[in-house]
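Written below as structure tokens is the structure these notes are about.
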Amino acid sequence: MHILNDLTPAELENFYRNIGKNVKNARKEKKISQMQLALAIGHNSVGHIAKAELYKYDKHFSLEQLLKISRVLDVSLHDLIPK
């Protein structure tokens, strides 16, 4: 087994930013607002959605949130997570 310990902060930031972009693109394609998405996954404001879509203030989506988002937007988790 190979132990991966060379993941840089920039690589991780890029990973989270790409997830945010993928969520935003899928959300816009389905014509769903940030508020509608927030309410659908159990949040009462758009703050987290807005910040996570941009990876602002180190906010990102959890796996549970991504699963909920994939169901709300009717897309695969594979479509949200960058390759």
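These numbers come from a predicted model, not from an experiment.
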Checklist entry - Near Lys56 NZ, under 6.0 Å, is it more than 12 heavy atoms from other residues, nucleotides or ligands? => result no
Checklist outcome for this item: Shortest non-hydrogen pair, Leu7 vs Leu12, comes out as CD2-CD1, 4.2 Å
Checklist entry - Remaining members of Tyr57's ILVMFWY cluster at a side-chain heavy-atom cut-off under 4.5 Å? => result none
Checklist entry - What residue pairs, at least two apart or across chains, pass salt bridge (Lys or Arg N to Asp or Glu O under 4.0 Å) with a residue in residues 10-19? => result Glu13-Arg17
Checklist entry - Of all heavy-atom pairs between Leu37 and Val23, which one has the smallest distance, and what is that distance? => result CD2-CG1, 4.2 Å
Item to check | Summary of ring-ring contact (aromatic ring centres under 6.0 Å, His included) pairs that have at least one residue in residues 8-31, sequence neighbours excluded | outcome: Tyr16-Tyr55, Tyr16-His60
Checklist entry - How far does CG of Leu67 sit from CG of Leu80, to the nearest 0.5 angstrom? => result 10.0 Å
Next on the checklist: Would you compute the distance between atom CG of Asn22 and atom CZ of Phe61 and round it to the nearest 0.5 angstrom?
Outcome noted: 10.5 Å
Item to check | Partners passing salt bridge (Lys or Arg N to Asp or Glu O under 4.0 Å) against Lys68 (at least two apart in sequence or in another chain) | outcome: Glu64
Item to check | Those residues that, when tested against Asn14, pass side chain to side chain contact (heavy atoms under 4.5 Å, CB included) (two or more places apart) | outcome: Asn18
Next on the checklist: My understanding is that only residues two or more places apart in sequence, or in another chain, count here; which of them pass side chain to side chain donor-acceptor pair (under 3.5 Å) with Glu29?
Outcome noted: none
Item to check | Gap between atom CG of Leu73 and atom CD1 of Ile32 - 0.5 Å precision | outcome: 5.0 Å
Item to check | Summary of side chain to side chain donor-acceptor pair (under 3.5 Å) pairs that have at least one residue in residues 31-41, sequence neighbours excluded | outcome: Ser33-Gln36, Gln34-Glu53
Checklist outcome for this item: CD1 of Ile19 to CD1 of Ile69, rounded to nearest 0.5 Å, is 10.0 Å
Checklist outcome for this item: In short, side chain to side chain donor-acceptor pair (under 3.5 Å) pairs touching residues 70-83 with sequence neighbours left out are none
Checklist entry - With ILVMFWY side chains joined below 4.5 Å, transitively, what does Met35's cluster contain besides itself? => result Leu39, Val46
